[in-house]
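Labels below follow one simple rule: chain letters A, B, ... track the order of the sequence lines, proteins then strands, and each chain is numbered from 1.
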Amino acid sequence: MTAKWSDLGLRLSGAVVVAVMVVGLVALVIPYDPADAVSYDSLLNPPSAAHWLGTDGQGRDVLMRLVKGTEAFFLPGLMGGLIAVVLGGLAGAYTGYASGPLRSALVGLLQLVDTLPRLVFIILLCTIRNPSIPLIAVVAGLLFVPTVATVVRRKVEALASEDYILAHIAHGFTPARILLHHILWLQCWPLLVRQAAFVFGYVLFVETGLSYLGDYGVQEPDPSWGNMVAQVKDLAGAGAWPWLAPAVAIVVTIASFLAFGNLVARKGEEALR
Amino acid sequence: MSGAASFLALAGRRIAASLLLLVGASFLIYFTIRSAPGDAVDAITPMGTPPEIKEKLAAEFGLDQGVLGGYGVWLSRSATGDFGESLVFAPGQTVMEVAGPAFEKTLLLSGGALFATVVLSILLALLLGEPSARQQGLTGALYFITSAPGFVSAVVFSAAVNAGVQRFVEQAGHETPAWYPIPIYSDSIVPYFFAGFVLVMGDGLLMDTFNAVRAEILGVRGAQFISAVRARGASVTPHLWLNLAIPIFSAFVSRLPVVLGGVVIVEYVFTLDGAGYLLLEASKQRDFPVVVGLSVLFTLAVIVVGLLSDVARSVIDQREVARDG
Amino acid sequence: MTAPLLSIEDLIIEFDTQQGRRRVVDGVSFSVAQGEVLGILGESGSGKTLSTLSILGLVPGRPGVVSGHIRAHTDGGEVDFLAELPSVVSGGTAERAYQKDDRRWQRIVQRTMKPYWGQFATAVFQNPKQSLDPLMTIGRQLDESVSLADPSLDRAAVRARSVDWLRRVQLHDPVRVAASYAHELSGGMCQRAMIAVALAREPRLLIADEPTTGLDTTVRAEIVGLFKALLRDRRRAMLYISHDIREVLFLADRVIVMRHGKVLEETSADDLRHGRGRRHPYTASLLEAADLPVGEAA
């Protein structure tokens, strides 16, 4: 019974994840000129055959902007997730295995980064240098390194006393090989998948949030799901499609990535047991 | 060592560690300031700032010195709560005068929302008990709704409330409330409750807290000593809550940083003049001393709350003191 | 012969697993008289723990079916615990399946068993450290039992009796132990404290479920000796569950041997000790492994 529901969740969220990936890749090659898209003949049209999700206050096709809006977070999200997982995985493996002053220093540094309130720090960074979304994604990835490192470290510490790891040591495998291959790659991948999906969701959250606020992130007329939601301020109840569609897209995407990460990780952990 | 002495020693160590963390985290903040491209003073002041103010800022932030020296200058000022004066937002006022009251509001709002989340999670956990197949649909739907980013749920929520109020006013012929339409500046307390509601329901907070609290409750309930208490016919309740106090308090504390992030944007959407709104407005108007002051205050809040949880834990759980001593 | 304190008849417990329904207790019957020590001997998985814990309604997990009779003789006459519980599945008179609504069942069990917990029977488990509330001092947990056993006592009298109980389980410095937490005591000390907490409740039947498992050999001997001393006055009965035939022979008046959810044989402890009578081959192998006289194997 329980398996049925989680399988359903896995399929639904997996479908959304695949769809976002495909749309994200397609959006990279579709040409789109926001200035061209403006059309004063078709302001705030409801959904129709020509405009599946209607048009916004400047007559631009909402679906097209939704598709093109993935560009703002798709590659940055993947990059942020990758940075968090790779650096966090290495840091976690090292701090879980090693001892000595270098380890203590690294643990201290990770703890420092973990104390920074993430969004506040990103806003501070924006105030200083108004960075591009990819740079923000890099910073977001770095801010999640301590989180990933902590879960990996716990896993490494738990595995270090397992018989088969001791056997590997006895067989003369080098510590680096045991750590990277036997522990990080073979045992920690479910954790890493979960964390990567989470960081992707976080980058999407930060990108759309900043773009919603208007001064940072993606600026009009370039599309972002965040600045599309922000149109609610100008529409004042005149039409819901232009902002409701991206709002739903944000929720569905974040929820699906988190659920997909969790469910894949849970399946992986069950398979490892 | 006696219990009290070892407890004090533990508390002392934790406080020292927290101070060290604060110094380190503030250095990261300062380092970020110094990483500004080009001339640092130009980067952090709005266009057209008079030269004498630029000079004053440069001196206050130690920009005329090396990174470490400058950090020393800035830290020794900041440590006394002197973050300088606001440039744009409220010229002439000190940062603490502007940020202090706003920060209190924000702490109250986030703390209240988090408290409500924890209480709601406990009630849900007691009501639902062990995860079962029938609940999976329900929790799945809840999971879906609550994973919306705060600003998205705030936008959708305000649109829905605005539409509802409009319809009600048209039908009943009442006057519109002071807080209508959202967002609008008003003295009303109603928008704070709206913001609190959105904070509870957004950013995955409720589901995350609920899952953690439920796991704790089921864990303690299934513990052998609870069976032993039952077998001797004593009441389970005091044992249950004594053992849940720490985990539930940690569930509260460990999620405060998440809420302090969410509250920034939610305050902005509802235009509540708390620290989050202030942070974003000051950031937009490039009122740099206010932004830095608030960043430090937010970091301080996270550290202090972590410290409090550590100390509270060792008050209830003697094992902590023993383990650490 | 007087009526037994507790008699179990045709007890069947089945669990629903992913491989289908598994019968873990298969038609077990035994009885305990007032003041008697019944040893239940068997390896892990023989169903000995489950059959005895079902007396307290503390069966873990989600059993599929429990049937039979668990009759207890209390001050108010005879009760059948299983008959007290309503049948969830219609049809079967004795079959009580409760996989459908686990929580409701647990509530019913708790409501039904509440008057008997502690007063009629209580239990001492293995892993003594986990049997004590980690955040409450030993003294407070003992106070709880003492004041439940005799509600007329005031606080000072309760504490005095608690300390007295700690002395009776042969703990040195009972006042200090009363102020200690479980994590500050050794495993053996925790088990002594746990025995005190259980006995202070003045139950008529004590269920000891492998109380020495996980303790050092010398400590095990001490704990077994303590049980012997505490039960000498024959004021309460005990079910002593163990896989160690020496412990069982040392303590018990009568012994039942269980394997694969069934009772293989029931005999007097004296006969076992002295190798009298015909033995079931499994019992004979247990005796042999412990270097004890086997007598005549059937």
Q: Look at atom CH2 of A/Trp241 and say whether more than 12 heavy atoms of other residues, nucleotides or ligands are closer to it than 6.0 Å.
A: no
Q: At a heavy-atom separation under 4.5 Å, does A/Thr253 approach chain B through its side chain, its backbone, both, or neither?
A: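 Neither part; nothing is under 4.5 Å.
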Q: Using non-hydrogen atoms only, which part of B/Asn162 is less than 4.5 Å away from chain A: side chain, backbone, both, or neither?
A: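 Nothing of B/Asn162, per the 4.5 Å heavy-atom cut-off to chain A.
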Q: Between A/Ala259 and chain B, which part of the residue has a heavy atom less than 4.5 Å away: side chain, backbone, both or neither?
A: both
Q: Is B/Tyr268 in contact with chain A via its backbone, its side chain, both, or neither, using a 4.5 Å heavy-atom distance?
A: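 Contact with chain A: side chain only.
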Q: Between B/Thr146 and chain A, with a heavy-atom cut-off of 4.5 Å, which part of the residue counts as in contact: side chain, backbone, both or neither?
A: neither
Q: Looking at every heavy atom in both A/Thr115 and B/Val302, which two are closest together, and how far apart are they?
A: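 Heavy-atom minimum between the residues: O-CG1, 3.8 Å.
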Q: Below 4.5 Å from any heavy atom of chain B, which atoms of A/Phe205 appear? Answer side chain, backbone, both or neither.
A: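 For A/Phe205, backbone and side chain are both near chain B.
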Q: Do B/Ser283 and A/Ile123 have side chains that approach each other closer than 4.5 Å (heavy atoms only, starting at C-beta)?
A: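 Result yes, sub-4.5 Å side-chain heavy-atom pair found.
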Q: Report yes if the side chains of B/Val152 and A/Tyr212 come closer than 4.5 Å at any heavy-atom pair, otherwise no.
A: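 A side-chain contact is absent here, since even the closest heavy-atom pair is not under 4.5 Å.
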Q: If you draw a 6.0 Å radius around CZ in A/Phe198, do more than 12 non-hydrogen atoms from other residues or ligands fall strictly inside?
A: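 No, not enclosed.
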Q: Using non-hydrogen atoms only, which part of B/Pro257 is less than 4.5 Å away from chain A: side chain, backbone, both, or neither?
A: neither
Q: Is it the backbone or the side chain of A/Val252 that comes under 4.5 Å from a heavy atom of chain B, or both, or neither?
A: both
Q: Does a side-chain heavy-atom distance below 4.5 Å link A/Val120 with B/Val264?
A: yes
Q: Between atom CG of B/Leu21 and atom CG of A/Leu116, what is the distance when rounded to the nearest 0.5 Å?
A: 10.0 Å
Q: Considering only heavy atoms from C-beta outward, does the side chain of B/Phe151 approach that of A/Leu213 to under 4.5 Å?
A: no
Q: Contact part of B/Ala163 toward chain A, heavy-atom cut-off under 4.5 Å: side chain, backbone, both or neither?
A: neither
Q: Roughly how far apart are A/Ile122 CD1 and B/Ser295 OG, rounded to 0.5 Å?
A: 12.0 Å
Q: Which heavy atom in B/Val156 sits nearest to a heavy atom in A/Ala247, and how many Å separate them?
A: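 Between these two residues, the closest heavy atoms are CG2-CB, 4.3 Å.
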Q: Using a cut-off of under 4.5 Å for heavy-atom pairs, which of A/Asn130, A/Leu124, A/Val248, A/Ile254 has the most such pairs with chain B?
A: A/Leu124
Q: So which residue, A/Leu119, A/Thr127, A/Leu125, ends up with the most heavy-atom pairs under 4.5 Å with chain B?
A: A/Thr127
Q: Would you mind telling me which of B/Ile303, B/Ile265, B/Leu280 has the largest number of heavy-atom pairs within less than 4.5 Å of chain A?
A: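 Greatest number of close heavy-atom pairs with chain A: B/Leu280.
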Q: Answer with side chain, backbone, both or neither: which region of B/Phe27 has an atom nearer than 4.5 Å to a non-hydrogen atom of chain A?
A: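 Neither part.
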Q: When heavy-atom pairs shorter than 4.5 Å are enumerated against chain A, which of B/Leu279, B/Leu260, B/Leu294 gives the highest number?
A: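 Looking at each of B/Leu279, B/Leu260, B/Leu294 in turn, B/Leu279 comes out on top.
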Q: What closest approach, in Å, do B/Phe144 and A/Val251 show between heavy atoms, and which atom pair accounts for it?
A: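 Scanning both residues completely, I find the closest heavy atoms to be O-CG1, 3.7 Å.
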